[in-house]
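Everything on this sheet refers to the single structure shown next.
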Amino acid sequence: GDFKAEPFKIKAVEPIQLIPRREREEAIQKVGYNLFSLNSDQVYIDLLTDSGTGAMSDRQWAGLMQGDESYAGSDNYQKLVAVVQELFDYEYTIPAHQGRGAEQVLFPLLAGKGQYGISNMHFDTTKAHVELAGAKAVDMFTENAVETGKYHPFKGNLDVEKAEEFIQEKGTEKIAFIIMTITCNSAGGQPVSLENIKNTKLLADRYDIPLLLDAARFAENAYFIKQREEGYQDKTIKTIVKEMFSYAEAFTLSAKKDAIANIGGLIGIKDDEKLYKRARSRSVPLEGFPTYGGLAGRDMEAIARGLREVIQLEYLDYRIGQVKYLGDNLREAGIPIQYPVGGHAVFVDAGKMAPHIPHNQFPGQALGVELYKEAGVRGVEVGTLLLGRDPDTGENLQAPLELLRLAIPRRVYTDNHLDVVTEGMKRVRDKADQLSGLKFTYEPEVLRHFTAKFEPV
Ligand SMILES: Cc1ncc(COP(=O)(O)O)c(/C=N/[C@@H](Cc2ccccc2)C(=O)O)c1O
């Protein structure tokens with residue numbers, strides 16, 4: 001339409017507050033400079049994650065009252081199966097408690113010791129589950145992903161040539177699967193084009209390798225295809241989504257993102273009944289039972305309804321328009337970001353903003369701590385800290401980009417809140433060259449960024 005206002009009006013609100021600067025400085029120091037360790041009431045504007053933090057609609061809330069808590073065969077489960085069939089044209093659905101729940105059930109059925117998982121970019125928890133299955137996660141992003149200041153419509157693409165060389169080098173029996181992360185979180189929530197998905201499918205078929213989707217932000221990916229890919233401008237989001245999923249044979253999906261639910265995950269299997277039965281039986285010890293997957297019936301209802309809401313064009317126009325609003329304002333202020341912005345967050349190029357901080361002193365984390373001190377805004381590092389260590393050598397892996405992610409929860413904040421973020425980032429920029437890096441005082445063994453402790457270098 002010709003107006004830009006939110007496609008909703010607000011019915012319930014939750015008070016937020018900005019605690020005094022002194023208290024913010026004490027709080028972050030007390031928790032060892034790990035933003036995850038702050039209490040929510042110490043945070044003014046929380047951009048830690050878009051995962052599970054969205055606002056549900058009144059229809060989703062109404063659905064909670066129709067939770068069928070039958071242990072087996074819940075009506076909400078049937079609704080979930082029906083939505084997956086309708087939107088993705090996948091026969092089988094197994095719910096899980098969240099994305100990681102889906103990964104822990106599916107991946108060990110496809111990947112094993114000494115094998116490789118290939119992806120455009122595995123996000124942290126997906127990489128962890130490929131490794132827990134005994135395999136090695138290998139990222140095959142394109143050069144466009146690392147040139148943050150340079151425009152490219154599909155920075156999330158997989159480098160098909162690079163992947164083919166790798167497959168030939170290792171031999172196809174060593175490749176467990178190719179998993180396409182849509183959108184590509186670690187590259188900056190960047191989309192993958194349908195052409196790239198098709199070419200990846202051709203590669204997978206040539207070597208008889210399963211192609212999976214990590215579909216956490218599938219609707220945002222579809223939106224960018226509609227906006228930017230030749231021949232898709234006049235297609236509906238629903239049509240684009242169906243085509244995207246048609247090239248894969250299974251997906252894992254965190255419902256905490258593009259199902260706009262507070263918890264939940266899904267395994268979708270297109271038509272491989274044998275794989276479905278194996279995953280279904282594995283879900284019993286790991287996720288409880290195949291018709292509830294670690295969730296209450298009411299949660300499955302919220303997910304079923306959210307999946308329908310997220311593909312509405314008015315919603316996506318607003319949602320991605322808001323991310324672009326923040327990105328444009330930061331760029332105008334001369335703050336380097338991954339450009340163009342992704343679908344769920346603005347990723348500040350911390351490596352560019354604080355070039356004096358080496359990658360292993362975590363510039364993204366240093367900027368994130370400063371932004372919290374300046375404005376009570378909580379972001380998250382997506383760089384060397386998040387990437388972790390090489391499972392074989394134990395060496396710190398250097399990330400291709402050192403980013404500070406400012407993730408925008410769905411339907412939660414207004415542009416006024418984002419203006420505070422821009423102002424806070426300007427103050428951080430003005431003192432960026434005085435910032436020091438951080439070093440561990442405590443480093444956990446796996447997914448270290450969630451619970452690590454630091455001190456300034
Ligand atoms: C592409 C993709 N695939 C799978 C999952 C796992 O899904 P789940 O197990 O979390 O449901 C995720 C989770 N992404 C969260 C994780 C996170 C990171 C930092 C702070 C808080 C949370 C995020 O990006 O924010 C994902 O992005």
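Note that ligands are numbered from 1 as they come in the structure, with each ligand's atoms numbered from 1 the same way. Residue numbers run from 1 in the order of the sequence given. Keep in mind that what you see is a predicted model, and the values were worked out from it rather than measured. Computed from heavy atoms alone, side chains included, the values below leave out hydrogens, waters and symmetry copies.
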Q: Specify the protein heavy atom at minimum distance from atom 5 (C) of ligand 1: its residue, its atom name, and the distance to 0.1 Å.
A: T125 OG1, 3.4 Å

Q) Are any of the N or O atoms of G99 closer than 3.5 Å to those of ligand 1? A) yes

Q: Look only at interatomic distance and state if N185 has a nitrogen or oxygen under 3.5 Å from any nitrogen or oxygen of ligand 1.
A: yes

Q | Region of R100 that comes within reach of ligand 1 [heavy atoms, distance under 4.0 Å] | A | both

Q. If you count the atoms of ligand 1 from 1 in the order shown, which ones are under 4.0 Å from a heavy atom of K256?
A. 11 (O)

Q | Parallel, tilted or perpendicular: ring planes of F454 versus F440, cut at 30 and 60 degrees | A | parallel

Q.
Going by the closest heavy atom to atom 3 (N) of ligand 1, which one wins out of I182, T53, L447, D214?
A. D214

Q: Counting heavy atoms only, name the option from H449, Q104, E381, K257 that's nearest to atom 15 (C) of ligand 1.
A: K257

Q) Is any N or O atom of T183, backbone or side chain, closer than 3.5 Å to an N or O atom of ligand 1? A) no

Q. Mind checking whether T181 has an N or O less than 3.5 Å away from an N or O of ligand 1?
A. no

**Q.** Electrostatic pair R410:E220 at N-O distance under 4.0 angstrom
**A.** yes

Q) To which protein heavy atom is atom 16 (C) of ligand 1 closest, and what is the distance rounded to 0.1 Å? A) F123 CE2, 3.9 Å

Q.
Heavy-atom pairs closer than 4.0 Å: do any link ligand 1 to the side chain of L386, the backbone, both, or neither?
A. neither

Q | Within 45° cone and under 6.0 Å: R280 NZ/CZ vs Y92 ring | A | no

Q. Where on H122 is there a heavy atom closer than 4.0 Å to ligand 1, on the side chain, on the backbone, on both, or on neither?
A. neither

Q. Between F8 and Y318, is the ring centre distance below 6.0 Å?
A. yes

Q: Please write down residue, atom name and distance for the protein heavy atom closest to atom 11 (O) of ligand 1.
A: S254 OG, 2.6 Å

Q) Is the shortest distance from a heavy atom of H344 to ligand 1 less than 4.0 Å? A) no

Q: Provide, to 0.1 Å, the distance between atom 21 (C) of ligand 1 and the closest protein heavy atom, together with that atom's residue and name.
A: T49 CB, 3.6 Å

**Q.** Centroid separation Y292 to Y71 less than 6.0 Å
**A.** yes

(Q) Closer than 4.0 Å to some heavy atom of E103 - which atoms of ligand 1 meet that? (A) 4 (C)

